[in-house]
Number of protein chains: 2
Amino acid sequence: MSITKQKILNVGAGLVRRKGFNHTGIQEILDEAKVPKGSFYFYFESKESFGLELIEVYVDFFKSKMEEVLTDKNISGLKRIRLFLNNFNELFISENYTGGCPLGNLAQEMGDLNERFSKKVSQAFVMMESYIQNCLKDAIKSNELTKKINVAEMAQFILNSWEGAVIRMKVEKSVEPIKLLEKIIFNNLLK
Amino acid sequence: MSITKQKILNVGAGLVRRKGFNHTGIQEILDEAKVPKGSFYFYFESKESFGLELIEVYVDFFKSKMEEVLTDKNISGLKRIRLFLNNFNELFISENYTGGCPLGNLAQEMGDLNERFSKKVSQAFVMMESYIQNCLKDAIKSNELTKKINVAEMAQFILNSWEGAVIRMKVEKSVEPIKLLEKIIFNNLLK
């Protein structure tokens, strides 16, 4: 990918995460990226196709974070999930609780407006869940988790509930809602 | 409140819920409300102050729904929560899973962009939680709920997780994420 295109996508990823897709103007992205006017449509057919490529940027970000933390077999399954949540809390704190989850944001904003966005975000959620599922499976294998659970359902529930807690964080400007999620998940659901 | 102002707010409530606050134009609202141009700024100082009044429309909607279902002492505490969730599922199904929760939507969209919106939405969430809390207290009193729980924390967790499930619904176009929430909440957390 050309450096200019990469620059547009990186700057766009930050702006769209903070301001929303529809509320971010193409000119604004080009200005911040210091890229000449007219470049946009050289690299992207439309704002929609730019948005669809943006989703891939976000997906790659999550995939690398999840690969890094959630697949490390030297750490127990449940500890990996805890570590992943804590890493994101640190990120959120460093950003003053702004931005939230870029995929949750787009699900909310674009879920009713663009079916192509919806489908891509839905696939991303399924990918994210699969990492959590594997941690839960390892936790069962090692007897770290003895409660009978349906791992596919629990993984989805954890992800969806995390998205909800992240949204609550945005208005509270605090990670307390996410810490509450951790507390209830680990003390009541995963034992 | 004048009929015209009420009309602008009602039409705005529907449009903003589906399209987002920033993505909904004032002209679009006036066109759909069949209200002459220029009326908007007669009733509202700015788009922001319109948005703040919109939040009150949403809050009143939730308050009346919650009063109706969550305070009926003839029904047990946990059944009231179930009923409330089911009523919203029916609404979501009738709307083809679009729209979601207008307050969750605004928390996500405006949480980083406007502190006045954030504060109002945060207060609304606290109000919504208090109804759930009261149901949980009644469930404990009547021994419907015997597990030891912190009612304030559990009420917040249920609300936040519901908001997350509603966002997932938007991309899946299905109430399954909300049914999964119900299943885990009632089978694993509230017993």
Side-chain angles (χ1 to χ4, degrees), chain A residues 17-24 95-101 103-113 115 117-125 147 149-150 152-154 156-173 176-178 180-181 183-185 188-189, chain B residues 17-24 95-101 103-113 115 117-125 147 149-150 152-154 156-173 176-178 180-181 183-185 188-189:
Chain A
R17 179 166 171 242
R18 277 200 315 281
K19 301 184 55 182
F21 179 73
N22 289 311
H23 195 45
T24 300
E95 297 173 322
N96 280 311
Y97 321 106
T98 62
C101 169
L103 293 167
N105 296 353
L106 286 177
Q108 189 290 110
E109 183 189 357
M110 302 301 288
D112 294 339
L113 302 179
E115 213 178 308
F117 278 60
S118 271
K119 277 198 181 142
K120 257 187 182 293
V121 173
S122 162
Q123 284 162 1
F125 286 148
K147 267 198 182 165
I149 60 157
N150 176 320
E153 287 182 354
M154 190 58 77
Q156 189 190 136
F157 178 74
I158 292 172
L159 178 64
N160 295 349
S161 298
W162 182 73
E163 294 291 351
V166 168
I167 280 173
R168 185 69 180 262
M169 170 192 81
K170 274 192 168 186
V171 291
E172 306 295 344
K173 294 299 169 212
E176 286 310 315
I178 305 173
L180 175 61
L181 164 96
K183 188 175 164 184
I184 292 185
I185 296 251
N188 301 63
L189 291 175
Chain B
R17 180 167 171 242
R18 276 202 314 282
K19 300 185 57 183
F21 180 72
N22 288 311
H23 195 46
T24 301
E95 297 172 322
N96 281 312
Y97 320 106
T98 63
C101 169
L103 293 166
N105 296 353
L106 286 177
Q108 189 290 110
E109 183 189 359
M110 302 301 287
D112 294 339
L113 302 179
E115 214 177 307
F117 277 61
S118 271
K119 278 199 181 143
K120 258 189 182 289
V121 172
S122 162
Q123 283 163 1
F125 285 148
K147 268 197 181 165
I149 60 158
N150 176 320
E153 288 182 354
M154 190 58 77
Q156 190 191 133
F157 178 75
I158 292 172
L159 178 63
N160 295 350
S161 297
W162 182 73
E163 294 291 350
V166 168
I167 281 174
R168 185 69 180 261
M169 169 192 82
K170 274 193 168 185
V171 290
E172 306 295 342
K173 295 297 169 214
E176 286 309 316
I178 305 173
L180 174 61
L181 164 96
K183 188 175 163 184
I184 292 185
I185 295 251
N188 301 65
L189 291 175

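Only heavy atoms go into these numbers, but all of them, side chains included; no hydrogens, no water, no symmetry mates. By convention in this document, chain letters (A, B, ...) are assigned in the order of the sequence lines, proteins followed by strands, and residues within each chain are numbered from 1.
- Contacts of K183(A) with chain B are made by side-chain atoms alone, with heavy-atom separations under 4.5 Å and no backbone atom involved.
- In terms of heavy atoms, V171(A) sits closest to G111(B) at CG1-CA, 4.3 Å.
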Verdict with reasoning, N160(A) to L181(B), per side chain to side chain contact (heavy atoms under 4.5 Å, CB included):
CA-CA 9 Å; N160(A) 295 349; L181(B) 164 96; over 6 Å; no
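- For a residue to count as touching a neighbouring chain, one of its non-hydrogen atoms must lie under 4.5 Å from one of that chain's; by this rule K119(B) does not touch chain A.
- Evaluated for a side chain to side chain contact (heavy atoms under 4.5 Å, CB included) with D112(A), the options K173(B), K19(B), E95(B) yield exactly one hit, K173(B).
- Of the two parts of F117(B), neither the backbone nor the side chain holds a non-hydrogen atom closer than 4.5 Å to a non-hydrogen atom of chain A.
- With a threshold of 4.5 angstrom between heavy atoms, Q108(B) approaches chain A through its backbone and through its side chain.
- F21(A) does not touch chain B: none of its heavy atoms, backbone or side chain, sits under 4.5 Å away.
- Residue E172(A) touches chain B through its side chain alone, counting heavy-atom pairs closer than 4.5 Å.
- The backbone N or O of A107(A) lies less than 3.5 Å from no partner atom in the side chain of K170(B), so there is not a single donor-acceptor pair.
- With chain B as the partner, the residue from E163(A), Q156(A), E109(A), M169(A) showing the most heavy-atom pairs under 4.5 Å is Q156(A).
- Residue L106(B) does not touch chain A at all, counting heavy-atom pairs closer than 4.5 Å.
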Verdict with reasoning, N188(A) to N188(B), per side chain to side chain contact (heavy atoms under 4.5 Å, CB included)
CA-CA 8 Å; N188(A) 301 63; N188(B) 301 65; over 6 Å; no
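- Residues R18(B) and L113(A) approach most closely at O-CD2, 3.7 Å, considering heavy atoms.
- I184(B) and F157(A) get closest at one heavy-atom pair: CD1-CB, 3.4 Å.
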